[in-house]
Amino acid sequence: MEFRSYMDQALIEARVAAARGEVPVGAVVVAPSGEVVARAGNRTRELCDPTAHAEVLALRAACAAAGSERLLGHDLYVTLEPCPMCAAAIANARIARLYYGASDPKSGGVAQGPRIFAHTQCHHVPDVYDGIAALEAERLLKEFFAAKR
């Protein structure tokens, strides 16, 4: 089976989030069949919800569509390295593969900081692939924060 990246769709969600005034992070959940089953961008400000990160919203929608709290065999594409909260949600959802763009030295929870998947308390560890469209994801974030300053 040939690899197909869905990061372009996650980047679209990030751009839409930025247009709403949210930090430009987008996420897409892909079923084992290759079908996109959920997509989301950050909505923490809009929903007044600190847990409304793109990953969490996409996981919630995908779980609702699947009728299960587990997304066995599913992939998650996200434009920014997941924070510790999102990494824990990814593990709990049993995501098979995590693809992310930009690393997050300040708030990341996968390759940075607490490295959630490395803890013995983490009962599921997805395959992790970083740096997918990282330059574009970084550019979106830098432009967004530069405009805020």
Which pair of non-hydrogen atoms, one from [X] and one from [Y], has the smallest distance, and what is that distance?
X    : Y    : answer
E138 : A102 : CG-CB, 3.5 Å
P114 : G108 : CD-O, 3.7 Å
D104 : E81  : N-OE1, 2.9 Å
G73  : P32  : O-CG, 3.4 Å
L76  : V29  : CD1-CG2, 3.7 Å
A52  : L57  : O-CD1, 3.6 Å

Kindly indicate whether the side chain of [X], heavy atoms from C-beta on, has any atom under 4.5 Å from the side chain of [Y].
X    : Y    : answer
S5   : Y99  : no
Y6   : D75  : no
Q112 : P105 : yes
V36  : Q9   : yes
H124 : N92  : no
V110 : L98  : yes
R43  : D49  : no

Donor-acceptor contact below 3.5 Å, side chain [X] vs main chain [Y]:
X    : Y    : answer
R139 : L135 : no
T79  : G26  : yes
H74  : L71  : yes

When you group the ILVMFWY residues by side-chain heavy-atom contacts below 4.5 Å and let the links chain together, are [Y] and [X] in the same group?
X    : Y    : answer
L11  : V30  : yes
V78  : L141 : yes
L80  : V128 : yes
I95  : M7   : no
V125 : Y129 : no

Any chance you could measure C122, atom SG, to R115, atom CZ, to the nearest 0.5 Å?
14.0 Å
State the CZ-CZ distance between R94 and R70, to the nearest 0.5 angstrom.
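These two atoms lie 4.0 Å from each other.
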For a quick check under 3.5 Å, do N42 and T44 share a side-chain donor-acceptor pair by atom type?
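Result is no, nothing qualifies.
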Give the intermediate values and the outcome of salt bridge (charged side-chain N to carboxylate O under 4.0 Å, His left out) for residues R15 and E143.
CA-CA 11 Å; R15 288 184 195 99; E143 288 176 1; over 6 Å; no
Got a salt bridge between E69 and R60, using NZ or NE/NH1/NH2 to carboxylate O under 4.0 Å?
no
Could you check whether R20 pairs with E46 (Lys NZ or Arg NE/NH1/NH2 to Asp/Glu carboxylate O, under 4.0 Å)?
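Between E46 and R20 there is a salt bridge, with a charged N closer than 4.0 Å to a carboxylate O.
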Take atom CZ in R45; do more than 12 heavy atoms of anything else shown fall under 6.0 Å from it?
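At most 12 heavy atoms, drawn from other residues, nucleotides or ligands, come within 6.0 Å of this atom.
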With sequence neighbours left out, what residues match Y100 under ring pair (Phe, Tyr, Trp, His ring centres under 6.0 Å)?
none
